[in-house]
Protein chains: 2
Amino acid sequence: MDRFDIALLEALQADSRRSMAELGDRIGLSASACHRRIKALEDAGLIAGYAARLDPEALGLTLQAFVEMSLTSQSRETMDRFEAAVADFPEILECHLMAGQADYLLRVAAADLKGFDAIHRDCLARLPGVSAIRTSFAIRRIRDWQGYRLRGLRASP
Amino acid sequence: MDRFDIALLEALQADSRRSMAELGDRIGLSASACHRRIKALEDAGLIAGYAARLDPEALGLTLQAFVEMSLTSQSRETMDRFEAAVADFPEILECHLMAGQADYLLRVAAADLKGFDAIHRDCLARLPGVSAIRTSFAIRRIRDWQGYRLRGLRASP
DNA sequence: CATGAAACTCGATGGCA
DNA sequence: TGCCATCGAGTTTCATG
């Protein structure tokens with residue numbers, strides 16, 4: 001993990017379809033060197049995969065919601081059942097176990113309020129062991145996900 | 001936007017490095033047809049770009065935080081200044097204007113609490129017009145981002 | 001009008017000094 | 001590591017239903 005690797009990761013995070021030659025020019029390495037380093041980064045698990053970034057607005061998914069959930073109990077069993085159920089619903093885009101009130105934060109996208117209602121009924125309300133749900137809707141996206149900031153990471157040059 | 005396009009978007013969202021031939025086999029179309037449709041989806045803005053998905057844990061970014069912020073005023077000017085400042089800090093991974101209490105939800109990643117403190121001082125505390133900050137840390141990622149669910153979208157076949 | 005097959009071209013991939 | 005050869009995939013062209 002030297003500055004070349006960090007530069008590669010940043011470049012691939014921003015646009016993974018750049019050619020090896022272009023990446024090489026950008027960071028000051030040859031194309032084959034880039035290829036080798038990228039392969040190493042993939043094998044090391046730093047690069048988990050490559051994905052197309054879709055525009056939710058263009059897809060008609062104009063409603064993004066963050067849903068906080070509290071469980072009826074913090075027992076291992078209740079949490080395990082809840083987490084297993086979350087994995088079954090692809091409508092749940094993300095789910096985090098949060099510190100503080102020991103509850104979960106979920107993220108959901110829908111076309112509109114009607115679509116969110118459907119998700120609420122078919123998915124959120126079916127999660128087991130939930131005692132309270134608090135939904136917050138996003139009005140506007142000020143800054144959308146464009147990757148992690150890598151400068152300032154532990155570099156071993 | 002028929003079922004082929006939706007299948008293509010789902011496949012590319014999961015893994016954008018599949019070859020045209022493989023995509024064709026998967027959805028039942030030829031490679032060149034896939035290529036044309038993908039180009040159309042790009043031109044239409046449905047595909048915003050292609051990105052490498054990095055593993056934050058492997059990068060050493062083990063701490064994810066969601067930060068709620070309230071402003072001193074809901075005036076247009078205060079909000080504009082705040083939003084412009086957010087754009088200047090790449091440490092802020094995401095930022096949403098939220099409904100309800102008219103405040104913002106930010107997302108941040110750091111290596112550890114020390115790193116988060118640095119972000120707090122250098123970045124969050126420098127945002128203008130902030131009256132209150134409430135930070136929630138994620139303990140564990142139950143389900144991480146794997147793309148939007150596209151089945152059930154408006155398809156015009 | 002979009003598709004599929006084939007031709008063409010470019011970049012990814014692997015061996016070499 | 002960089003250079004170069006090979007090979008596979010992306011890209012374009014064209015005829016077809």
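In what follows, chains are A, B, ... by sequence order, proteins preceding strands, each numbered from 1.
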Listed once per pair and sorted, the salt bridge (charged side-chain N to carboxylate O under 4.0 Å, His left out) pairs that draw on residues 58-71 of chain B, sequence neighbours left out =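 Listed once each, the pairs are B/E68-B/R134.
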Salt bridge (charged side-chain N to carboxylate O under 4.0 Å, His left out): which pairs involve residues 110-121 of chain A, sequence neighbours left out?
->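 Output for this query lists A/D117-A/R121.
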For A/R36, what residues pass the salt bridge (charged side-chain N to carboxylate O under 4.0 Å, His left out) criterion, not counting sequence neighbours?
->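 Here no residue qualifies.
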Proximity to DNA chain C (any heavy atom under 4.0 Å), residues of residues 33-43 of chain B only =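 When residues 33-43 of chain B is checked for heavy atoms under 4.0 Å from DNA chain C, the hits, listed by number, are B/A33, B/R36, B/R37.
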Expressed in angstrom and rounded to an integer, what is the separation of B/E22 atom CD from D/dG8 atom C1'?
->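 Computing the B/E22:CD to D/dG8:C1' distance gives 14 Å.
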If the condition is side-chain contact (heavy atoms from CB on, under 4.5 Å), which residues does [X] pass it with, not counting sequence neighbours?
X      : answer
B/A11  : B/R18, B/L23, B/R26
B/R37  : B/D2, B/F4, B/D5, B/L8, B/L29
B/D122 : B/A118, B/R126

Give the stems involving DNA chain C, where a stem is 3 or more consecutive Watson-Crick or G-U wobble pairs (i with j, i+1 with j-1, and so on) under 3.5 Å.
->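 Result, WC/G-U stems under 3.5 Å: C:1-7 with D:11-17, C:9-17 with D:1-9.
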For B/S19, side chain to side chain donor-acceptor pair (under 3.5 Å) partners two or more places apart =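 Partners of B/S19 by the side chain to side chain donor-acceptor pair (under 3.5 Å) criterion come out as none, since no residue qualifies.
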Set of side chain to side chain donor-acceptor pair (under 3.5 Å) partners for A/E91, sequence neighbours left out |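 Listed in chain order: B/R149.
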Can you name the residues that form a ring pair (Phe, Tyr, Trp, His ring centres under 6.0 Å) with B/F137, not counting sequence neighbours?
->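 B/F137 satisfies ring pair (Phe, Tyr, Trp, His ring centres under 6.0 Å) with B/F116 once adjacent residues are dropped.
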Ignoring hydrogens and angles, answer whether the base of D/dC3 and the side-chain atoms of A/S30 contain a donor-acceptor pair closer than 3.5 Å.
->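 Result: no qualifying N/O pair found.
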Does anything in residues 10-20 of chain A reach DNA chain D, meaning a heavy atom under 4.0 Å, and if so which residues?
->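 The stretch gives none, as no residue of it lies under 4.0 Å from the strand.
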Thinking salt bridges, do B/R17 and A/E42 make one under a 4.0 Å N-O criterion?
->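 A salt bridge links B/R17 with A/E42.
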